[in-house]
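These notes concern the structure reproduced below.
Note that these values count all heavy atoms, side chains included, but never hydrogens, waters or copies made by symmetry. Quick note on labels: first sequence line is chain A, next is B, and so on, each numbered from 1.
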2 protein chains.
Amino acid sequence: MELLPIIKALSDETRLRILNLLKFGDLCVCEIEVLLDINQSNASRHLNKLTNAKLVEYYKVNKYVYYKIKEDILKEHPFVKEIIDSEIINLKVCESDLTKLKKYKQSGLSCDDLKEGKICLN
Amino acid sequence: MELLPIIKALSDETRLRILNLLKFGDLCVCEIEVLLDINQSNASRHLNKLTNAKLVEYYKVNKYVYYKIKEDILKEHPFVKEIIDSEIINLKVCESDLTKLKKYKQSGLSCDDLKEGKICLN
DNA sequence: TTATCATATGATTAAAAGCGAATATGTTCA
DNA sequence: TGAACATATTCGCTTTTAATCATATGATAA
């Protein structure tokens with residue numbers, strides 16, 4: 001993959017936030033929506049950009065599409081790994097995103113429950 | 001320095017080309033203009049962006065302003081060093097930029113000579 | 001001091017990127 | 001099959017970024 005498209009994919013706060021979450025495990029689109037508090041088309045678009053830059057990939061489970069960080073890219077481009085592992089964490093938003101993520105994971109609930117408001121992440 | 005402004009400063013081909021040249025030594029604005037074949041205001045603006053992101057700094061010598069890579073940033077943000085040292089080189093444009101740079105340096109001429117067309121870098 | 005030169009900065013235009021609302025697609029489940 | 005749902009895509013709009021031309025600034029040198 002070309003360098004510039006990768007850097008461009010990384011040059012957006014929402015996309016860094018997505019990578020920050022995916023670092024701790026795969027997530028489907030609707031989980032990302034709720035965790036980042038962004039709307040559906042926005043989530044989908046940003047995920048598309050990350051996919052095009054080959055930073056993430058996806059797989060389908062039932063009606064859900066799960067996204068995950070593409071391991072290849074981390075090997076091919078160590079600077080991406082460096083950013084995801086050591087830099088993103090310093091963004092303030094990412095801290096609170098992780099708080100939400102932790103709360104969600106500890107709840108043991110699924111993304112169906114999320115949408116139904118069975119858990120408040122704030 | 002904040003992460004996002006740094007990544008944004010890196011997400012432009014011209015600016016990567018500038019960093020690629022500066023890696024081999026400080027250069028004044030008019031040298032960068034000629035080596036990258038871009039106009040003066042363009043060069044100045046991109047250098048300004050790099051300066052704002054604290055990726056480069058400058059000093060004045062006579063009527064010239066020399067730019068150099070800011071060493072601090074490379075220590076603080078290893079991913080920047082990684083990009084400059086190992087990634088930029090793979091950009092095609094940067095190869096030919098370096099050919100020009102080498103030709104210029106080997107000529108022993110100054111930037112005054114450059115403007116007067118005393119050397120052809122193509 | 002005045003002319004010259006290197007660089008920076010406005011102002012404008014053009015191109016790219018991002019966003020929300022609505023719609024399309026494709027899957028699941030009753 | 002048809003209704004419901006998850007995700008992707010399109011449209012129109014706004015914001016951001018880049019490029020160019022012209023002008024301003026600030027230093028140098030005659």
Side-chain angles (χ1 to χ4, degrees), chain A residues 2 4-18 22 26-53 55-68 93 109-118, chain B residues 2 4-18 22 26-53 55-68 93 109-118:
Chain A
E2 290 270 341
L4 206 52
I6 295 176
I7 299 183
K8 287 193 186 212
L10 293 169
S11 69
D12 175 273
E13 185 176 87
T14 304
R15 291 192 289 272
L16 290 181
R17 291 172 71 195
I18 290 174
L22 293 181
D26 309 353
L27 292 170
C28 70
V29 182
C30 64
E31 288 169 329
I32 293 173
E33 271 176 72
V34 174
L35 289 165
L36 298 192
D37 195 24
I38 59 181
N39 68 32
Q40 190 272 316
S41 77
N42 220 335
S44 179
R45 257 196 290 256
H46 282 299
L47 286 163
N48 185 47
K49 288 223 167 191
L50 289 170
T51 307
N52 287 336
L55 290 167
V56 304
E57 59 191 340
Y58 61 85
Y59 54 92
K60 300 185 182 190
V61 177
N62 301 321
K63 53 182 172 176
Y64 301 108
V65 177
Y66 281 83
Y67 282 84
K68 61 176 297 192
V93 239
L109 296 172
S110 73
C111 57
D112 294 300
D113 303 316
L114 256 191
K115 289 247 160 166
E116 289 171 23
K118 287 199 186 158
Chain B
E2 291 268 341
L4 206 53
I6 294 176
I7 299 183
K8 287 193 184 211
L10 293 170
S11 69
D12 176 273
E13 184 177 86
T14 304
R15 292 193 288 272
L16 289 181
R17 291 172 72 196
I18 291 174
L22 293 181
D26 309 353
L27 292 169
C28 70
V29 183
C30 64
E31 289 169 328
I32 293 173
E33 271 176 71
V34 174
L35 290 165
L36 298 191
D37 195 24
I38 60 180
N39 69 33
Q40 189 272 315
S41 77
N42 219 334
S44 179
R45 265 177 231 284
H46 282 299
L47 286 163
N48 184 49
K49 287 223 169 191
L50 289 170
T51 307
N52 287 336
L55 290 167
V56 305
E57 60 191 340
Y58 60 86
Y59 55 91
K60 300 184 182 189
V61 176
N62 302 321
K63 54 183 172 177
Y64 302 108
V65 178
Y66 283 84
Y67 281 84
K68 63 175 296 189
V93 240
L109 295 171
S110 72
C111 57
D112 295 300
D113 304 318
L114 256 191
K115 288 246 162 168
E116 287 171 22
K118 289 199 185 159

Table please: side-chain donor-acceptor pairs of residues 5-12 of chain A below 3.5 Å, with sequence neighbours left out.
unit_1	atom_1	unit_2	atom_2	d
A/S11	OG	A/K8	O	2.8
A/D12	OD1	A/T14	N	2.9
A/D12	OD1	A/R15	N	3.1

Quiz prompt | Residues which pass ring-ring contact (aromatic ring centres under 6.0 Å, His included) with A/Y58, listed by chain and number, not counting sequence neighbours | solution = A/Y67

Practice problem: Quick one: label B/Y67 by what it contacts on the DNA or RNA (base, sugar-phosphate, nothing), any heavy atom closer than 4.0 Å. | Solution: sugar-phosphate

Exercise. Calculate the interatomic distance between B/L50 atom CG and C/dA8 atom P; express it in whole Å.
Key: 12 Å

Quiz prompt | Integer-rounded Å distance: D/dA6 C1' and A/L47 CG | solution = 13 Å

Self-check item: Atom-to-atom span, NZ of A/K49 to P of C/dA16 - whole angstrom
Solution: 11 Å

Quiz prompt | Test salt bridge (Lys or Arg N to Asp or Glu O under 4.0 Å) applied to A/R17 - qualifying residues, sequence neighbours left out | solution = A/D97

Self-check item: For A/N42, side chain to side chain donor-acceptor pair (under 3.5 Å) partners two or more places apart
Solution: A/H46

Name each donor-acceptor pair under 3.5 Å that joins a side chain in residues 29-38 of chain B to protein atoms two or more places apart or in another chain, with its distance.
unit_1	atom_1	unit_2	atom_2	d
B/E31	OE1	B/C28	N	2.9
B/E31	OE2	B/Y104	OH	2.5

Quiz item: In residues 26-37 of chain B, what residues come within less than 4.0 Å of DNA chain D, judged by heavy atoms?
Solution: none

Quiz item: How would you list, by chain and number, every residue that makes a side-chain contact (heavy atoms from CB on, under 4.5 Å) with B/S44, sequence neighbours excluded?
Solution: B/Q40

Self-check item: Sorted by number, the residues of residues 56-63 of chain B with heavy-atom contact under 4.0 Å to DNA chain C
Solution: B/K63

Self-check item: Pairing residues for B/D26 by the side chain to side chain donor-acceptor pair (under 3.5 Å) criterion, not counting sequence neighbours
Solution: B/Y59

Self-check item: Length of the OH-C1' vector between A/Y66 and D/dT7, whole Å
Solution: 13 Å

Quiz item: Between D/dT17 atom P and B/I7 atom CD1, what is the distance in whole Å?
Solution: 14 Å

Self-check item: Counterpart residues, side chain to side chain donor-acceptor pair (under 3.5 Å), relative to A/Y64 (two or more places apart)
Solution: A/D112

Quiz item: Whole-Å distance between D/dT17 P and B/I38 CD1?
Solution: 18 Å

Self-check item: Atom pair distance, as rounded to whole Å: CG in A/N52 and P in D/dT9
Solution: 9 Å

Quiz prompt | Sequence-distant partners of B/S110, side chain to side chain donor-acceptor pair (under 3.5 Å), two or more places apart | solution = B/D113

Pick out the pairs of N or O atoms, protein on one side and nucleotides 19-22 of chain D on the other, that lie under 3.5 Å.
unit_1	atom_1	unit_2	atom_2	d
D/dA19	OP2	B/N42	OD1	3.1
D/dA19	OP2	B/H46	NE2	2.7
D/dT20	OP2	B/N39	ND2	3.2
D/dT20	OP2	B/N42	ND2	3.0
D/dT20	O4	B/R45	NE	3.4
D/dT20	O4	B/R45	NH2	3.1
D/dC21	N4	B/S41	OG	3.0

Quiz item: Can you tell me how far C1' of C/dT27 sits from CG of A/D112, to the nearest Å?
Solution: 14 Å

